[in-house]
Amino acid sequence: MQPVQPDSTRTGADWTGRLGGRDDAYLRDHERTENFPVALRVLPRAPRTHLKAVYDVARVIDDLGDEAPDDRTALLTAFHSDLSTIWDGGRPQAPVLRRLAPTVAACELSEEPFTNLIRANLLDQTQTVYPTYRDLEAYCELSANPVGRIVLEVFGAATPTNIALSDQICTALQVIEHCQDVAEDNRAGRCYLPQEDLDRYGVDRGALAIAPASPELRRVLAFEIDRASALLDSGLPLIARLHGWARLAVGGYMAGGRAAIDALRRAEWDVMSAFPTVRRLNVFQQLMAVLMGRRVTA
């Protein structure tokens, strides 16, 4: 497979059309390494198909923001215009969006969560540091919380209370992922660990490029994960409010986050030497604990 070559005349739809040729294998590879699709494999065909259509679009949006060789802001803006045609009654150009359109119709999905995912990636083009945890939470409101809302809409469970609980879960999952990806994010010129926390523990940005992780960086990660773990637990009542496959799906996302926490702890917070490996058995064990309402924190 040939890599996508830079071309300043290519639109967002054109670029994702090229990407569409490698969607299946490429997106499956990302599914193995990310927390979002943990529950997809065990769901019945209909919700699995809908969630995969959503995941694929989210993945392409992230790739336009992180990997596209051209003007990423222009590509994201063009992709947003193509995306909007679904709600405007038109036919999108990008194959990944044409696969999303039936899901939008069947599940009556809102456009706003998808727009917010694009807004998060547009923000990534200009903002590389988050001074405070509150700043990071505001970013998660765009980059992570919309995914939870879409999942609830897929299952017809997007009530205000459920959305509020889902936001807590999704923000926690995003923070956990940022802790896993410190080295990768640093190579991209970004840091999602709040600057106030780096300062508190005496971590210089240069430490984010050195393996193994310094004792100070490990303390920052332990602090962030303790906070994320408590936030994840605060969303646990959502599981009891859901039923059937929705309960299993959301429980699976929580289980993936908890297993990632365990992987970070086993690695003793050294995310610089290697990516902490999540164990499948641990995901299953965590899923059982989530479904039984057991909390991670004391």
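Listed by chain and number, the residues in a side chain to side chain contact (heavy atoms under 4.5 Å, CB included) with R227 are Y133, P194, D197, F223, E224 (sequence neighbours excluded). Partners of E153 according to the side chain to side chain contact (heavy atoms under 4.5 Å, CB included) rule, which considers only residues two or more places apart in sequence or in another chain, are L109, S110, R149, A158. L287 is linked by a side chain to side chain contact (heavy atoms under 4.5 Å, CB included) to L248, A255, L291, counting only residues two or more places apart in sequence or in another chain. Y192 is linked by a ring-ring contact (aromatic ring centres under 6.0 Å, His included) to Y130, Y139, H178, counting only residues two or more places apart in sequence or in another chain. By the side chain to side chain contact (heavy atoms under 4.5 Å, CB included) test, R294 is found to be paired with A289, M292, residues two or more places apart in sequence or in another chain being considered.
The number of heavy atoms from other shown groups lying within 6.0 Å of CD (Q127) is above 12. Under a cut-off of 6.0 angstrom, the local environment of CD in E196 is crowded, with over 12 non-hydrogen atoms contributed by other residues, nucleotides or ligands.
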Expected list for residues 234-244: side-chain donor-acceptor pairs under 3.5 angstrom, two or more places apart:
residue : atom : partner : partner atom : Å
S234    : OG   : Q168    : NE2          : 3.1
S234    : OG   : L231    : O            : 2.5
R241    : NE   : N162    : OD1          : 2.6
R241    : NH2  : N162    : OD1          : 3.4

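R187 has no carboxylate O lying under 4.0 Å from a charged side-chain N of D181, or vice versa, which leaves the two without a salt bridge. For D82 and R98, the salt-bridge test fails: no basic side-chain N is under 4.0 Å from an acidic carboxylate O. In this structure, R59 pairs ionically with D63, as a charged nitrogen and a carboxylate oxygen lie closer than 4.0 Å.
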*Check against side-chain hydrogen bond (donor to acceptor under 3.5 Å, both in side chains), T85 and D88*: CA-CA 5 Å; T85 63; D88 293 340; over 6 Å; no
*Take Q195 and D199 through the test side-chain hydrogen bond (donor to acceptor under 3.5 Å, both in side chains) and record every step on the way to the result.*
CA-CA 6 Å; Q195 187 62 48; D199 292 342; 2.9 Å; yes
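Linking ILVMFWY side-chain heavy atoms closer than 4.5 Å, directly or via other members, places V175 and L208 in two distinct hydrophobic clusters.
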